[in-house]
Amino acid sequence: MLVLGVESSCDESALALVNEEGILASVMATQIDIHALFGGVVPELASREHARLMPLLFDELWRRAGWEDDPEAGWAGVDCIAVTRGPGLLGSLLVGVAFAKALAFARGIPLIGVNHLNAHLLVAGLEKKLEFPALGVLVSGGHTHLYRMDGPAEMDVLGRTLDDAAGEACDKFAKMAGLPYPGGALLDALGRRGKADANLFPRPYTHNDNLDFSFSGLKTAGATWLERHPEARFPMGKSPAKERLDSASSLLCDAAASYLLAVAETLVIKARRALSVFRPRSLVVAGGVAANSVVRRVFRELAEQEGLELHVPSPALCTDNGVMVAWNGLLLARAGYRHTLELSAIPRGQAIPFDWLRDEIRPCAQTKA
Ligand code: KG4
Ligand code: ZN
């Protein structure tokens with residue numbers, strides 16, 4: 001089965017063609033340079049960029065698939081169109097959903113709406129077969145969730161962040177240090193050059209017995225440290241060009257390493273606690289922050305200690321991409337699910353309905369966003 005995936009939930013426009021054997025073609029355009037001018041994603045600009053980029057990306061995708069000279073032959077092999085329907089920025093989601101609907105209608109191909117968070121986790125199974133049940137740790141720019149995963153359509157949230165997501169906590173520390181948006185990957189690069197002090201920052205909201213997260217305390221500790229060490233920061237208002245990051249002080253590199261260790265160990269503390277709630281066959285860590293070197297290392301250690309099979313997508317599949325959407329669509333379509341052209345986009349914070357068609361219409365049970 002060959003699936004075309006469409007992703008536009010935030011500031012990355014992406015398309016991909018995926019089948020059971022793997023990735024046939026994948027294209028992505030990031031809008032980071034535009035949003036960096038404003039220090040964060042500007043929703044209106046993001047939607048406009050998605051609308052501008054989607055047709056260009058589509059032509060490039062067909063070219064990379066080798067179908068440039070015979071687009072019809074390419075279409076003949078596409079079985080399903082999958083699109084991220086939420087959670088995300090509503091205007092951005094609407095562009096992708098409308099684009100996918102237009103293609104599905106014009107070509108008479110089934111459409112399937114995909115939950116972006118599920119797609120992040122499930123893409124781990126594209127690289128290495130995923131055994132269920134799995135404990136899923138989803139760490140991205142907007143979400144930090146723990147899941148019990150029983151199958152591609154059976155995902156139960158066990159815990160979630162009460163305030164900032166792990167990625168936001170990284171981006172905010174980076175921003176306060178004077179780094180450009182989004183700073184997570186830059187913080188990672190600085191941290192690799194530094195030495196972590198495990199006592200410099202707290203493991204926030206871990207002295208309890210629940211599976212939720214709260215990163216605001218860590219953010220405050222980071223802000224306080226930066227206030228006390230102004231010499232470690234890049235001058236505010238003048239984000240350093242990437243090449244100037246080489247001049248970062250060892251003080252800042254050490255703090256970056258310590259901060260990332262605090263984020264990673266906090267995730268591990270709660271993940272270990274979740275393992276006492278149920279015993280999975282595998283452990284999945286996914287989302288943009290799963291690209292982080294410290295996060296990858298500490299979860300490798302956890303998996304070894306617990307004797308669990310670890311799945312962490314390769315870094316390019318951790319951040320937003322079209323492959324994960326196509327792959328999730330493939331898993332759902334193979335199980336007989338699809339949507340009608342009435343598919344709705346669901347913004348962040350709203351429940352995503354299980355409103356697939358599957359032989360008969362399934363009851364509209366709700367899952368938390
Ligand atoms: O999953 P993603 O691409 O988008 C969302 O769905 O939110 O995640 C983006 C987040 C951003 O906060 C970004 O700074 C963070 O992932 N990120 C990283 C790294 N690469 C991306 N954080 C730490 N280390 C990285 N290497
Ligand atoms: Zn994402």
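These values consider heavy atoms only, across backbone and side chains, with no hydrogens, waters or symmetry-generated copies.
- Within the structure, no pair that satisfies the ring pair (Phe, Tyr, Trp, His ring centres under 6.0 Å) test touches residues 276-306, not counting sequence neighbours.
- Applying the salt bridge (charged side-chain N to carboxylate O under 4.0 Å, His left out) rule to pairs touching residues 117-143 yields K128-E309, E131-R281, sequence neighbours excluded.
- Looking at V139 and L267, their side chains come closer than 4.5 Å, going by heavy atoms from C-beta outward.
- Between L90 and I346, the closest side-chain pair of non-hydrogen atoms is not below 4.5 Å.
- Applying the side chain to side chain contact (heavy atoms under 4.5 Å, CB included) test to A189 and every residue at least two apart in sequence or in another chain returns nothing.
- Put simply, the side chain of M28 does not reach to within 4.5 Å of the side chain of S13, judged on heavy atoms.
- The minimum heavy-atom distance linking V284 with A124 is given by the pair CG1-CB, 3.9 Å.
- Note on V285 and L260: same hydrophobic cluster, where clusters join Ile, Leu, Val, Met, Phe, Trp and Tyr whose side-chain heavy atoms are under 4.5 Å apart, directly or indirectly.
- Annotation: the span from I112 atom CD1 to L357 atom CG amounts to 9.0 Å, rounded to 0.5 Å.
- Taking the side chain as every heavy atom from C-beta outward, M149 and P133 never approach each other to under 4.5 Å.
- A donor-acceptor contact shorter than 3.5 Å is absent between the side chain of S214 and the backbone of L162.
- The backbone N or O of D212 lies less than 3.5 Å from a partner atom in the side chain of K270, making a donor-acceptor pair.
- Under the 4.5 Å side-chain criterion, counting only non-hydrogen atoms from C-beta, L158 is in contact with L135.
- Every salt bridge (charged side-chain N to carboxylate O under 4.0 Å, His left out) that E72 has, sequence neighbours left out, goes to R107.
- In this structure, OG1 in T84 is found 8.5 Å from CG in N115, a value given to the nearest 0.5 Å.
- Under the 4.0 Å criterion applied to side-chain N and carboxylate O atoms, D59 and R63 are not assigned as salt-bridge partners.
- Heavy atoms from other residues, nucleotides or ligands lying under 6.0 Å from CD of E342 number 12 at most.
- At a threshold of 4.5 Å between side-chain heavy atoms, the hydrophobic network of Ile, Leu, Val, Met, Phe, Trp and Tyr places L317 and L24 in two separate groups.
- The backbone N or O of L343 lies less than 3.5 Å from a partner atom in the side chain of K101, making a donor-acceptor pair.
- Atoms CE and CG, from M155 and N118 in turn, are 3.5 Å apart once rounded to the nearest 0.5 Å.
- Between R48 and E44 there is a salt bridge, since at least one side-chain N of the basic residue sits less than 4.0 Å from a carboxylate O of the acidic one.
- Using a 4.5 Å heavy-atom cutoff, the side chains of R296 and C318 are in contact.
- Remark: side-chain polar atoms of T144 are not paired, donor with acceptor, to backbone N or O of T161 under 3.5 angstrom.
- In this structure the side chain of R233 never reaches within 4.5 angstrom of the side chain of L252, judged on heavy atoms.
- Within 6.0 Å of CZ on F105 lie no more than 12 heavy atoms contributed by other residues, nucleotides or ligands.
- Residue pairs meeting the side chain to side chain donor-acceptor pair (under 3.5 Å) criterion with at least one member in residues 250-262, sequence neighbours excluded, do not occur.
- Between the N210 side chain and the N208 main chain, no donor and acceptor come within less than 3.5 Å of each other.
- With no hydrogens or angles considered, a side-chain donor-acceptor pair links S344 and R85 at under 3.5 Å.
- Residues satisfying the side chain to side chain contact (heavy atoms under 4.5 Å, CB included) test with A221, not counting sequence neighbours, are F201, P202.
- Minimum heavy-atom separation, N321 to A14: C-CB, 3.9 Å.
- Pairing each heavy atom of S293 with each of R192, the nearest pair is CB-NH2, 3.6 Å.
- Between the side chain of E227 and the backbone N or O of T224, no donor-acceptor pair lies under 3.5 Å.
- A distance of 11.0 Å separates NZ in K195 from CG in L261, rounded to the nearest 0.5 Å.
- Legend: ring pair (Phe, Tyr, Trp, His ring centres under 6.0 Å) pairs involving residues 3-49, not counting sequence neighbours: none detected.
- In this structure, R64 contributes its side chain and S26 its backbone to a donor-acceptor pair below 3.5 Å.
- In this structure, V18 is a member of the same hydrophobic cluster as L122, with clusters built from ILVMFWY side-chain heavy atoms closer than 4.5 Å.
- Between the K175 side chain and the G39 main chain, a donor and an acceptor come within less than 3.5 Å of each other.
- At a threshold of 4.5 Å between side-chain heavy atoms, the hydrophobic network of Ile, Leu, Val, Met, Phe, Trp and Tyr places Y205 and V277 in two separate groups.
- Counting only residues at least two apart or in different chains, salt bridge (charged side-chain N to carboxylate O under 4.0 Å, His left out) contacts with residues 10-21 comprise E20-R334.
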Query - From CA spacing to verdict: side chain to side chain contact (heavy atoms under 4.5 Å, CB included), S282, L310 - result: CA-CA 6 Å; S282 45; L310 178 66; over 6 Å; no

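- In terms of heavy-atom proximity, S140 sits nearest to G287 at CB-CA, 4.4 Å.
- Under 3.5 Å, the side chains of S47 and E49 contain no donor-acceptor pair of N or O atoms.
- Atom CZ of R228 has 12 or fewer heavy atoms from other residues, nucleotides or ligands within 6.0 Å.
- Within the 3.5 Å criterion, the main-chain N or O of A255 finds no donor-acceptor partner in the side chain of D197.
- With a 4.5 Å cut-off on side-chain heavy atoms, F58 and L103 count as touching.
- Under 4.0 Å is where a charged nitrogen must lie from a carboxylate oxygen, and between R272 and E265 no such pair does.
- Applying the ring-ring contact (aromatic ring centres under 6.0 Å, His included) criterion to H116, with sequence neighbours excluded, gives H120.
- Nearest heavy-atom pair, L190 versus C253, reported as atom, atom and distance to 0.1 Å: O-CB, 3.4 Å.
- In this view, V78 and L2, L4, L17, W62, W67, W75, I109 satisfy the side chain to side chain contact (heavy atoms under 4.5 Å, CB included) rule, not counting sequence neighbours.
- Separation of atoms CZ (R300) and CG (L283) is listed at 12.5 Å; rounding is to 0.5 Å.
- Taking hydrophobic clusters as Ile, Leu, Val, Met, Phe, Trp and Tyr residues chained together by side-chain heavy-atom distances below 4.5 Å, L186 does not share a cluster with L37.
- Scanning both residues, S9 and P87, for their nearest heavy atoms gives CB-O, 3.9 Å.
- When only modelled atom types and interatomic distance are considered, D164 and S216 share no side-chain donor-acceptor pair under 3.5 Å.
- Note: L93 CG to L89 CG = 7.0 Å, rounded to the nearest 0.5 Å.
- Judged as a side chain to side chain contact (heavy atoms under 4.5 Å, CB included), and not counting sequence neighbours, the contacts of I269 are R203, T206, R273.
- Residues satisfying the side-chain hydrogen bond (donor to acceptor under 3.5 Å, both in side chains) criterion with H339, sequence neighbours excluded, are D355.
- The backbone N or O of A174 lies less than 3.5 Å from no partner atom in the side chain of D171, so there is not a single donor-acceptor pair.
- Between H145 and H143, the ring-plane angle classifies as perpendicular under the 30° and 60° cut-offs.
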